[in-house]
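Scroll down for the structure; my scribbles are underneath it.
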Amino acid sequence: MTNISDKDRVWIFDTTLRDGEQSPGATMTYSEKLEIAGLLDDMGVDIIEAGFPIASEGDFKAVSDIAKNSKDSVICGLSRAMFGDIDRAWDAIKHARQPRIHTFIGTSPLHRAIPDLTMDEMAERIHDTVTHARNLCEDVQWSPMDATRTEWDYLARVVEIAIKAGASTINIPDTVGYTAPNESAELIRRLIAEVPGADEVIFATHCHNDLGLATANSLASVEGGARQIECTINGLGERAGNTALEEVVMALKVRNDIMPWTTGIDTTKIMNISRRVATVSGFEVQFNKAIVGKNAFAHESGIHQDGMLKNAETFEIMRPEDVGLTETNIVMGKHSGRAALRSKLGDLGFDLGDNQLKDVFVRFKELADRKKEIYDDDLIALMKTGEDAGSDRLKLKSLQVVCGTNGPAKAELVMEVDGIESSTIQTGDGPVDASFNAVKALFPHNTRLQLYQVNAVTEGTDAQATVSVRMEEDGRIVMGQSADTDTVVASVRAYVNALNRLIVKREKTAPGNDTREVSYKDVS
Ligand code: KIV
Ligand code: ZN
């Protein structure tokens with residue numbers, strides 16, 4: 001459990017698997033969640049918020065197995081202020097070495113209006129639910145959602161109630177990313193100074209990035225006395241996301257001269273987990289993102305390059321190795337063997353079992369036949385192609401496309417649907433449109449393509465393209481990804497990958513299926 005007497009320490013609470021997963025389309029499969037939880041535990045995250053167990057059977061199972069496999073991290077399950085939610089969260093986390101229940105309710109005027117509770121009724125609900133959670137679990141965290149837009153008197157009152165009822169961590173969420181850094185610091189300072197019992201609990205900060213202030217607000221809150229930062233890898237999260245773990249951790253490390261607090265994070269593990277989260281969530285990291293963006297350590301201009309060669313500190317405040325970035329070089333070619341591939345993928349954060357390696361090796365050889373020089377980024381893209389969608393009811397068998405200046409593009413597609421192979425020829429406005437029409441002809445569906453994005457992995461005309469698609473059907477959003485030296489093939493694979501994910505989501509949310517999905521926003 002986190003120890004309040006350790007005044008120099010900031011506890012890192014990662015919510016990639018809960019708040020991060022709430023990003024529309026970022027849904028991760030069961031095995032991806034377990035893998036990410038293992039990486040978070042290994043990198044020294046103090047508390048892992050593994051999910052919202054009442055949300056669905058799938059969430060429950062993932063949280064429960066993460067708890068069973070946990071090593072050093074506290075495993076936390078989220079629950080609304082309802083007895084049933086709390087019981088379900090406890091059932092999921094109770095096998096963890098160190099379990100924590102996190103229960104919350106929206107306390108601002110706007111949020112109070114949704115369950116239609118008076119201030120007194122809500123205060124009573126907080127008392128009862130925190131007490132209930134505390135009767136089950138020694139370690140209870142409580143959050144007044146939208147705390148930063150809650151009236152001061154009411155916030156102070158309910159924080160005091162939660163502390164008296166037994167919460168040992170009080171989290172102050174800036175749910176809509178509304179606050180400025182000076183306000184964040186002041187709010188925590190005032191709560192600690194004025195709420196009876198506040199000096200006996202840990203205050204946490206949970207910031208959203210709607211104004212791009214999440215990292216600044218989190219660090220300001222620490223300045224004000226908070227000792228737990230809630231964050232996600234790559235800043236994943238709803239809307240503009242949450243505070244990025246890598247940013248607060250590196251800021252505390254690099255500027256320890258003015259922010260004298262330490263974390264338990266092994267920063268050399270940052271790059272690997274960032275890549276894995278980008279891959280499994282389908283959310284690419286923007287090139288100029290602090291710490292983990294592709295350009296974060298790249299020096300393009302002549303002046304910078306010259307300075308860097310003479311003394312790296314001229315333009316670098318941290319070393320690439322500090323975040324686990326190894327130099328990108330030509331790694332392999334078609335003569336490279338299986339052991340070399342395993343070792344290189346291991347360096348890049350992919351620990352493969354024998355069967356997985358067998359499959360990746362085949363695809364690696366295919367790629368090496370088409371592309372002479374294979375870089376780290378090619379291997380990372382290759383791993384994306386093989387991502388488990390949780391279902392493989394649709395399989396691309398072959399694709400031939402004719403396109404050019406004369407007439408509409410034509411795609412001839414062979415696809416397996418539920419084990420049965422069929423083919424079609426369709427036309428369209430360009431090769432990608434024709435190919436997507438062909439997929440639609442063999443697997444009719446009514447989705448809206450919200451995003452279609454192509455990136456070149458490396459330089460050169462033989463570079464692989466990574467393609468991401470995001471599609472929506474009746475409020476269900478899924479992402480699909482793939483990579484190939486042929487952009488159209490990568491596009492169709494990404495499309496099929498998204499459809500396979502959609503099939504899983506349809507099954508999970510089918511009416512009458514007791515694996516219903518509850519959102520943490522369903523308050524009553
Ligand atoms: O942003 C928020 O308020 C949350 C709560 C559920 C803690 O994520
Ligand atoms: Zn949040």
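Counting starts at 1 for both ligands and their atoms, in listed order. Just so we're clear, the structure is a prediction, and the values are computed from it rather than from any experiment.
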Can you name the atoms of ligand 1, numbered from 1 with element, that are less than 4.0 Å from a heavy atom of Pro173? 2 (C), 3 (O)

Do Pro99 and Ile75 come within less than 4.5 Å of each other through their side chains, counting heavy atoms only? no

Between His206 atom NE2 and His208 atom NE2, the angle centred on the Zn ion (ligand 2) rounds (to 10°) to 100°

Between the Zn ion (ligand 2) and Asp19, is there an N, O or S atom separated by less than 2.8 Å? yes

Among Gln22, His208, Glu230, closest by any non-hydrogen atom to atom 1 (O) of ligand 1: His208

Going by distance only, is there an N or O of Asp19 that falls short of 3.5 Å from an N or O of ligand 1? yes

Within a reach of under 6.0 Å around OH of Tyr178, are more than 12 heavy atoms found that belong to other residues, nucleotides or ligands? no

Using a plain distance cutoff, I'd like to know if His206 has any nitrogen or oxygen under 3.5 Å from a nitrogen or oxygen of ligand 1. yes

Have a look at Glu238, His102, Glu49 and point out the one with the heavy atom closest to atom 7 (C) of ligand 1. His102

Part of Thr175 with heavy atoms under 4.0 Å of ligand 1, whether side chain, backbone, both or neither: both

Determine whether Lys505 and Glu473 make a side-chain contact, defined as any pair of heavy atoms from C-beta on separated by less than 4.5 Å. no

Looking at Trp261, I'd like to know if the NZ or CZ of Arg9 sits under 6.0 Å from its six-membered ring centre while staying within 45 degrees of the ring's axis. no

When you look at CD of Gln450, are more than 12 heavy atoms from neighbouring residues, nucleotides or ligands closer to it than 6.0 Å? yes

Report yes or no: is the cationic atom of Arg88 (NZ for Lys, CZ for Arg) closer than 6.0 Å to the six-membered ring centre of Trp90, at no more than 45° off its axis? no

Kindly confirm or rule out an N or O of Asn171 lying under 3.5 angstrom from an N or O of ligand 1. no

Within 45 degrees of the ring normal and closer than 6.0 Å to the centroid, is that where the cationic atom of Arg112 sits relative to Tyr154? yes

